[in-house]
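The block underneath contains the structure these notes are about, expressed in structure tokens.
In what follows, every heavy atom counts, from backbone to side chain, and hydrogens, waters and symmetry copies are set aside.
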Amino acid sequence: MTGRLVLRGQEGYEEARVGRVFNARRPDRYPAAVLEVADEDDVVAGVRLAIERGWGISVRSGGHSWAAWSVRDDVLLIDLGALRSIAYDEATGVVAAGPATTGALELAPFLAERGRAFPVGHCATVGIGGFLLQGGQGWNGRARGWACEGVVAVDVVTADGELVRADASQNTDLYWAARGAGPGFPGIVTRFHLQSYPQPAVMWQDTWTFRLDDAEAVIHWLHDALPRLDRRVEPVMAATRLPDVPLDEGVPHPGGTVLLLHTTCMADSDEEALALLSALGECPVLGRELGHVTGPTSLAQESVAQAGQNPEGHRYAVDCTWTDAPADVLAPLLLDIWRGLDTEHSFSIWYGWAPTRVLPDMAFSVEGQVYVATYLIYTDPADDELYRMRVHERTAAIARQGGVGVYLGDTDFTRRQDRFLAPENLARLEAVRAARDPSGRIASYLTADRAGLNRHG
Ligand SMILES: Cc1cc2nc3c(=O)[nH]c(=O)nc-3n(C[C@H](O)[C@H](O)[C@H](O)COP(=O)(O)OP(=O)(O)OC[C@H]3O[C@@H](n4cnc5c(N)ncnc54)[C@H](O)[C@@H]3O)c2cc1C
């Protein structure tokens, strides 16, 4: 092996165990060893070593799983952090990227230089490994679909240590699973082959700041307007306490939590973007806004704003739900969460996704009209229980009223489980797992209740 193997108890173990985990709330789980691979061959060697020693295997690409899925007891943690090469094929527009490549920081600029794009995640530092395996909710996602729909092939080291290519014509079971299984994928992806698309000429943003007292009216209007909005228009309402929000001249920040309606749009020209965004000018509470800005933006600019909302070195308690609940049911529940935000960085979003589509044949299979996710962000370990309990209880209250399931990316099944795959897709995935990894070597979903996996309601 050319990478570094650090056994439990050896110097450097703690840094290797959790140093690349984004959430500063680090788990009390201890791998037997961590292998920081240097290349693909190391991954094969790592799997063979785990087989020899009788260890299970966990995997890390970008380290952004909120619940630190990569950190498991008594396994070999295979850390793919060095696998970040990117190569582009002009003839097909397919880009091959290592699993620890970051989306908006590395992949998007690489593609932009070639006039191409891919729906990378909203947070610039998320690794494409975990992101794509679980679906991938990225910029322009309402128009382009789930990022994993752009995966045309994956290179996979299987649970018995063989490197294979999986695509629409070979190892099709792995190809199907690689698009949605998330941490339940029975293999280690060493390279993703992604279909890029022509980069839209412009990206625009349109942001309104409202008092929370106006939120109910905005929610009602957006629920009604959403299914008719062009798919290139991506509206997100975010309740935030950050002071740096758009305010019209002379308008003071009211203090506490405000509501942002932040909409992005990728289009072929400025005129087209303006026309697409003009639908937002029909919001019934216009005139009551605290501030409004609109104009051209870029992924780089949007990423800076995201990073401000998701600071490093903080503790996070996170949960989400898809909901088809009507506005009059959802609004009071959302306001309950939004009014309860009490730390500087905590925020909660309503992300308009409707109208839903018939999804391609892939493991990913649960989405709803609206995505609600809440991120409670704090620094004191003594607050862990308070914020974890709060985020899961309040998200559960929404899920009970029209919730249709969750998106794996913002879950923590050690505290709250819900459906993330269609039942028939989970059954099919279990069959793939049984065939590909009969001894269950590769750590699957991290859950407090394995029997309750994917249970809804
Ligand atoms: C600040 C922040 C912002 C986020 N924003 C978004 C967003 O905009 N859109 C979105 O969809 N999600 C978002 N997420 C969620 C994020 O996409 C998921 O947590 C994802 O799993 C992170 O991928 P990763 O490779 O960085 O994480 P890791 O923790 O490295 O991986 C998570 C798990 O996925 C599996 N896995 C990862 N790579 C591989 C591989 N190569 N082979 C096999 N299994 C693998 C393993 O089980 C691993 O433990 C965000 C998370 C954070 C922390």
Side-chain angles (χ1 to χ4, degrees), residues 1-84 98-102 125-134 154-161 163 178 181-192 316 408-409 411-414 433 436-437 439-447:
M1 280 181 209
T2 43
R4 185 172 78 127
L5 180 70
V6 190
L7 298 175
R8 186 171 179 181
Q10 282 182 338
E11 202 184 331
Y13 171 82
E14 188 56 12
E15 180 61 19
R17 183 182 81 95
V18 291
R20 289 207 317 112
V21 171
F22 179 86
N23 191 345
R25 179 169 58 76
R26 269 71 192 264
D28 290 329
R29 297 188 292 269
Y30 295 88
V34 181
L35 172 61
E36 295 169 344
V37 304
D39 53 30
E40 212 162 48
D41 291 343
D42 279 356
V43 181
V44 173
V47 172
R48 294 192 175 150
L49 176 72
I51 294 170
E52 210 177 281
R53 302 276 175 101
W55 290 332
I57 292 171
S58 68
V59 186
R60 176 183 298 151
S61 286
H64 275 56
S65 151
W66 299 111
W69 293 327
S70 59
V71 186
R72 311 295 276 264
D73 283 322
D74 306 322
V75 295
L76 175 66
L77 191 177
I78 299 186
D79 190 319
L80 308 172
L83 303 191
R84 287 164 58 180
T101 306
T102 54
T125 51
V126 167
I128 62 167
F131 173 77
L132 289 170
L133 282 170
Q134 77 203 357
V154 279
D155 295 340
V156 180
V157 176
T158 59
D160 49 9
L163 178 61
F185 182 70
I188 303 171
V189 179
T190 55
R191 193 170 289 109
F192 290 88
Y316 286 76
L408 270 174
T411 55
D412 180 353
F413 289 165
T414 66
R433 288 185 59 82
R436 291 288 182 171
D437 184 15
S439 64
R441 185 169 309 284
I442 298 180
S444 183
Y445 301 104
L446 177 67
T447 158

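- Take S58 and apply the side-chain hydrogen bond (donor to acceptor under 3.5 Å, both in side chains) test, not counting sequence neighbours, and it matches no residue.
- In terms of the ring pair (Phe, Tyr, Trp, His ring centres under 6.0 Å) criterion, residue partners of Y316 (sequence neighbours excluded) are, by chain and number, F22, W66.
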Working for side chain to side chain contact (heavy atoms under 4.5 Å, CB included), residues V157 and L163: CA-CA 4 Å; V157 176; L163 178 61; 3.8 Å; yes

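- Applying the side chain to side chain contact (heavy atoms under 4.5 Å, CB included) test to S61 and every residue at least two apart in sequence or in another chain returns L80, P99.
- For the side chain to side chain contact (heavy atoms under 4.5 Å, CB included) test, residues two or more places apart in sequence or in another chain that qualify with F185 are L133, V156, L174, A177, A178, A181, V189.
- Minimum heavy-atom separation, A16 to V34: O-CG1, 3.8 Å.
- Under the salt bridge (charged side-chain N to carboxylate O under 4.0 Å, His left out) criterion, no residue pair touches residues 68-78, with sequence neighbours excluded.
- The shortest non-hydrogen separation linking G184 to S444 is CA-OG, 3.7 Å.
- For D412, the salt bridge (Lys or Arg N to Asp or Glu O under 4.0 Å) partners two or more places apart in sequence, or in a different chain, are R388.
- Residues that satisfy the side-chain hydrogen bond (donor to acceptor under 3.5 Å, both in side chains) test with S70, not counting sequence neighbours, are R60.
- Scored by the salt bridge (Lys or Arg N to Asp or Glu O under 4.0 Å) test, R4 finds E36 as partners (sequence neighbours excluded).
- Pairing each heavy atom of V37 with each of A82, the nearest pair is O-CB, 3.3 Å.
- For the residue pair P31 and Y13, the shortest heavy atom distance occurs at O-OH, 2.6 Å.
- Considering only residues two or more places apart in sequence or on other chains, E14 meets the side-chain hydrogen bond (donor to acceptor under 3.5 Å, both in side chains) condition with R17.
- Under the salt bridge (Lys or Arg N to Asp or Glu O under 4.0 Å) criterion, R436 pairs with D173, sequence neighbours left out.
- Of all heavy-atom pairs spanning W69 and Q134, the tightest one is CZ3-OE1, 3.7 Å.
- A side-chain donor-acceptor contact under 3.5 Å links D437 to the backbone of I442.
- Side chains of V71 and L446 form no contact here, defined as non-hydrogen atoms less than 4.5 Å apart.
- Screening residues 40-50 for salt bridge (charged side-chain N to carboxylate O under 4.0 Å, His left out), with sequence neighbours left out, gives E40-R191.
- Here the CG-CG distance, from L49 to L35, works out to 7.5 Å after rounding to the nearest 0.5 Å.
- Remark: R20 pairs with D79 by the salt bridge (Lys or Arg N to Asp or Glu O under 4.0 Å) rule, at least two apart or across chains.
- Across all their heavy atoms, G12 and V6 have their closest contact at C-CG1, 3.9 Å.
- Side-chain contact between V43 and L83: present, with at least one pair of heavy atoms (C-beta onward) separated by less than 4.5 Å.
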